[in-house]
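Following: one structure in C-alpha cells, then a few remarks.
Sequence positions, counted from 1, serve as the residue numbers for this chain. On a predicted model such as this, the values are computed, not experimentally measured, just so you know.
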Amino acid sequence: MKTIDYDFLDKLSMPGKIAANPAETQLAFVLSRLDFEDNQYKSNLWLYDGSNFRQITFDDQVRDFCWEDDDHLLFTSSRTAKEKDQAKEDLAFTSCYRLSLGGGEAGPAFQLALAVQAIESLGYGYYLLQAGFNRDLPNAYILPEDKRKEQKKAKTKEAFAQHLTEIPFYFNGSDYTEGERTGLFLFHAPSGQLERISKEELDVDFYTLSEDKARLYFGARTRAPKAELFNHLYKFELPHADLEAGETIPLAAPVQIYGDDDLDFSFAWEASAADENSVYVLACDMQVYGINQSPRIYQMQATSGQLEPVSDKSYEFYSCLNTDIDFGGKPGSFVKDGVFYFVATDQDHDALYTIQAGEEPSKIWDADGAILAIAPWGPGILCTAMQDYLPAELCLISQGPSGFASKRLSEWNCKLFKEYELLRPVPLSAGEAEDIDGWVIYPRDFVKGGSYPAILDIHGGPRTAYGAVFFHEMQVWAQRGYFVLFCNPRGSGGRGDAFADIRGKYGSVDYEDLMHFQDACLTAIPEIDRQRLGVTGGSYGGFMTNWIIGHTDRFAAAATQRSITNWISFYGTSDIGYFFATDQNDTLTFDQAGFLKLWDFSPLRYINSCKTPTLIIHSAKDYRCPLEQGYQLFTALKDRDIPSEMYIFHEETHELSRSGKPQARKLRLKAITEWMDQYLGKAQED
C-alpha cells in the first residue's frame, strides 16, 4: 500500500457548494482540487442526475453558481484574458456565464461592476446579488467604465498611506477594510438596472429567501466607528409574479423588523411557504456565555417583532468539526415545503435536524462524521459528508423502514484508499471532572512492544471539535511512524454551552484535560516513548501549545501555529481583539485588575519556565492572530537561548493550514514534521 505523504492533497477532489434545480432532477455542485504545480485551487461545475456524474465546466475558475430554471445554470468565472485584465483595472468586476443542460458551450450572460460573492436567480430576469462595495464610493457600480478605472488608478496612487476611522481596521484574509461593506443588490438583466437595496452604512452578514422568492430576510450591522456585535433583522419585498404581466413594482427600502441591541440574529426563514408573517429565527443574547453562546430558535411575528422560543435547547448549528481538507462554500441548511432542515454538531459528529411549524426540532439522522452541505432531492436529501474518517463524498439520505440512512453515491476520494493505507483513529476517553472524548492513531507498521514518538495535536477555536473526520496532517505523521493523539477538552464545541465555556479559564481546566488525556494515552499504550513527546496546534491550539511549554517540560518539541501569545497586544491588533480578548478572559481592559488578568492568562508571562525547543509558524496576513504575536514569542525564546525557529508565510492568512496556497501548505507541514523528526528522533526514514 502507498503512503499518504505531503503531496497526497493533490489527489483529492473536494465538493463545495451544492444546489438542486427547482424540479430536483439535477444537482449541480462545485468540485475543487489542489494543484501543486500551478500553486492554486481549481474548481469546476459538475452535475448529478440521480444516476451519473458529469463535469460541465473545464476552465477551473468556477466559485459560485445558481439555477435559473430546471435547465439553465448561471455561474461566475473569469474565462478570458480580457476579463482578467478588466478585474485588475476596474474597482470591481464579475463575469457571469449561462450554461444550458441541453448542450453547447457556456456563453456570456452579463457583466457586473461589482465583486459578486453570491448570486440568486429570482425569475423574470431579476437577480439578487451579495457583493462588496466601499462606503466612500457607495455607487461606484453605476459609474461608466472609464470613471471606475480612473477611481482605481487614483486609489492605487494613494496606496502609500492608509487612513483609519473605524475598527476593526482589517479583517483576516481581506487586508485593510476601511469603508469596506457587504451589501445586497437587485439586478434586472433585460434593462441592465442595478440597485443596492441595503443601506450603505450596513454590513450584511447573512440573507435568506422565502420559498416563493417573494421576500428576503437579512441580518446586518453597522461598522462605523466600531462594528456592532449584534445583527439587526430586515425584511424586503422582492419583485415576483406580478412582473409576468409586465407590471413594475417600485422598490422600497427594507423594513427593519427587529433591531434592539439585545439579540444577535444569525438566520431567518418563514414558518410556512404561505405565511410571510410567521418567521423562525436563530438568535442569541450572549448574556450567559458571551460571544460563543449558542443561538436559540424563536418564532417571530414579522409585523410586531414579538419572539417566542421554540425550544429550550440550544444547538451547535452547522458543523464545528475540524478538518484540513474542507474547501468551503457550502450551505448547511435549506427550507422545503415549510420544513427547515439544518445540520448541527452533536458531541463528536454531526446530525441532521428538521423543524416543522408548531413542533420541537427533531433529529432525523446521525452522521458518522461531518456533514458539510445539504440540498433537497425528491423524497430524500443529498449531502456531502465525511464519514468513517474518509474524505468527503456525495451521499443520499433517505427514509427506509427502520428510519433515515445514508448511501454513498460518489467515489472520488474513497477509491484512493484501494491504493493508499488509511490509518483509522482508535477512541480513547480520559478525564476527571468531565469525560473527555479522545482518539489515538497508531503508527504505520506498529509492532507491539516497540517504542514510538507521539504528537499531541490540539484543535483551534476553542469552540470547535475533533470527530470521525479525515485529517491529512495526522495521516502524514502516523504513516511516518508517530502516534498521533487528539481530544476535545473543555472549551470544545458539540457538547453545549456549559462544557464550551472557558471564559476567564483559558489554560486551566482545558490544560488539565489535555494533560489527563496525555497521561491516559501513556498509561494505556506503553509503546509511546515518554521521552519523545511533541505538541502542536493552531489558533487556540497554538495558544495552548504556548501555554503548555511555559507550564511543563514533558514535551521534547513543540510547533505553535497562528497563535496567541500576549492577550494585551492581541486586544489592539487582532481583527476581533477589541471584543474577543475581554470576552474570553471575562474581564475589562483598561483598569489595573483587567490588565493584570490579561497578562496572567498570556502564555508569554510564563516563558521563563520554558525549556522546550519550539517552532513558530505564522502568516504575514494573519489578522486574526497577528504576526506580532509570533514575533514576541520568537524573540522571548531566542533571548532565553531556547532552540527556536520561525517560518513567516508572506501572502498567507490565518487559514494557511486549511486553504492556503498549495505550496505554502506543503512547506508548513514539512517544516513541522522535520522539526519533530529533529527533536523526537526520526520515526521513519523517507
Side-chain angles (χ1 to χ4, degrees), residues 6 9 32 34-36 38-41 159 162 167-177 180 322-329 457-462 464 471-473 476 535-547 549 558-567 569-578 580-581 602-604 614-638 644-676:
Y6 303 130
L9 284 176
S32 300
L34 178 150
D35 190 313
F36 281 114
D38 292 340
N39 198 28
Q40 63 177 322
Y41 296 86
Q162 179 66 53
I167 60 172
F169 42 79
Y170 51 25
F171 192 79
N172 182 60
S174 300
D175 218 328
Y176 285 104
T177 57
E180 297 297 326
N322 274 274
T323 180
D324 54 2
I325 58 165
D326 177 7
F327 290 2
D457 202 354
I458 308 171
H459 68 62
T464 64
F471 246 94
H472 175 239
E473 65 182 32
V476 168
V535 60
T536 188
S539 196
Y540 165 75
F543 168 90
M544 283 309 305
T545 300
N546 299 341
W547 187 270
I549 63 176
T560 180
Q561 309 164 59
R562 61 186 192 280
S563 68
I564 296 174
T565 299
N566 181 347
W567 281 112
S569 62
F570 175 88
Y571 163 85
T573 56
S574 168
D575 61 355
I576 61 172
Y578 68 97
F580 191 83
S602 294
L604 198 62
T614 301
L615 176 68
I616 300 166
I617 304 284
H618 228 105
S619 297
K621 292 186 177 181
D622 184 343
Y623 304 134
R624 184 63 37 86
C625 295
L627 181 58
E628 55 86 20
Q629 295 285 307
Y631 283 154
Q632 290 186 65
L633 180 61
F634 181 62
T635 300
L637 292 171
K638 283 295 186 184
S644 181
E645 295 179 9
M646 184 172 184
Y647 277 84
I648 301 165
F649 290 83
H650 295 298
E651 297 301 318
E652 297 300 331
T653 72
H654 197 67
E655 306 306 311
L656 168 62
S657 66
R658 298 178 285 248
S659 60
K661 290 289 183 66
Q663 291 175 13
R665 291 181 66 170
K666 180 177 179 179
L667 177 57
R668 166 203 162 268
L669 183 53
K670 189 170 184 286
I672 295 170
T673 306
E674 290 179 350
W675 185 260
M676 296 298 176

Query raised in the report: Of all heavy-atom pairs between Pro168 and Thr177, which one has the smallest distance, and what is that distance?
Result: O-OG1, 3.5 Å
Query raised in the report: Are side-chain N/O atoms of Ser619 and His654 paired as donor and acceptor at under 3.5 Å?
Result: no
Query raised in the report: Hey, are Arg668 and Glu473 close enough for a salt bridge, meaning a charged N less than 4.0 Å from a carboxylate O?
Result: yes
Query raised in the report: Has the side chain of Trp675 got a donor or acceptor atom that lies under 3.5 Å from a matching backbone atom of Ala559?
Result: no
Query raised in the report: Will you find, in the side chains of Asn546 and Ser563, an N or O donor that is under 3.5 Å from an N or O acceptor?
Result: yes
**Report entry** side-chain contact (heavy atoms from CB on, under 4.5 Å) partner of Thr560, the single match among Ile616, Ile458, Leu615
**Finding:** Ile616
Report task. Determine the minimum heavy-atom distance between Phe570 and Glu628, stating which atoms define it. Result -> N-OE2, 4.1 Å
**Report entry** Side chain to side chain, Leu656 and Asp622, heavy atoms closer than 4.5 Å
**Finding:** no
Query raised in the report: Atom CD1 of Ile167 and atom CD1 of Ile576: how far apart are they, to the nearest 0.5 Å?
Result: 12.5 Å
Query raised in the report: When Phe36 is tested against each of Leu34, Asn39, Asp38 for side-chain contact (heavy atoms from CB on, under 4.5 Å), which residue passes?
Result: Leu34
Requested in this report: Taking all heavy atoms of Pro603 and all of Phe543, pick out the closest pair and write down the distance.
Outcome: CD-CE1, 3.4 Å
Requested in this report: Looking only at non-hydrogen atoms, find the nearest pair between Ala636 and Leu604 and report the distance.
Outcome: CB-CD1, 3.9 Å
Requested in this report: Starting at CZ of Phe634, measure out to CE of Met646 and round the result to the nearest 0.5 Å.
Outcome: 7.5 Å
Report task. Check the pair Ser657 / Gln561 against side-chain hydrogen bond (donor to acceptor under 3.5 Å, both in side chains), numbers first and verdict last. Result -> CA-CA 9 Å; Ser657 66; Gln561 309 164 59; 5.2 Å; no
Query raised in the report: With a 4.5 Å heavy-atom cut-off, do Tyr540 and Thr464 have their side chains touching?
Result: no
Query raised in the report: With a 4.0 Å cut-off, would you call Arg658 and Asp326 a salt bridge?
Result: no
Report task. Would you tell me whether Asn566 and Gln632 have side-chain atoms, one donor and one acceptor, within less than 3.5 Å of each other? Result -> yes
Report task. Please examine the side chains of Ile648 and Tyr631, heavy atoms only from C-beta on, and report whether any two atoms are closer than 4.5 Å. Result -> yes
Requested in this report: Can you measure from CZ (Arg562) to CD (Glu652) and round to the nearest 0.5 angstrom?
Outcome: 12.0 Å
Query raised in the report: Can the positive tip of Arg624 be found less than 6.0 Å from the middle of the six-membered ring of Phe171, inside 45° of the ring normal?
Result: yes
Query raised in the report: Taking the side chain as C-beta and beyond, is there a heavy-atom pair between Tyr170 and Thr573 under 4.5 Å?
Result: yes
Query raised in the report: Are Thr536 and Asp457 close enough that a side-chain donor and a side-chain acceptor fall under 3.5 Å?
Result: no
Report task. Kindly give the heavy-atom pair with the smallest separation between Pro626 and His618, and that separation in Å. Result -> O-NE2, 3.2 Å
Query raised in the report: If you count the non-hydrogen atoms of other residues, nucleotides and ligands that lie under 6.0 Å from NZ in Lys670, is the total more than 12?
Result: no
Query raised in the report: Under a 4.5 Å cut-off applied to non-hydrogen side-chain atoms, are Ile325 and Phe471 in contact?
Result: no
Query raised in the report: Are the side chain of Thr614 and the backbone of Ser644 linked by a donor-acceptor contact shorter than 3.5 Å?
Result: no
Query raised in the report: Charged N to carboxylate O under 4.0 angstrom, Glu651 versus Lys621?
Result: yes
Query raised in the report: Do you know the tightest heavy-atom contact between Tyr41 and Pro662?
Result: CE1-CD, 4.1 Å
**Report entry** OG on Ser569 to CD1 on Ile564, rounded to 0.5 Å
**Finding:** 9.5 Å
Requested in this report: Could you point out which residue of Thr653, Asn172, Asp175 forms a side-chain hydrogen bond (donor to acceptor under 3.5 Å, both in side chains) with Tyr623?
Outcome: Asp175
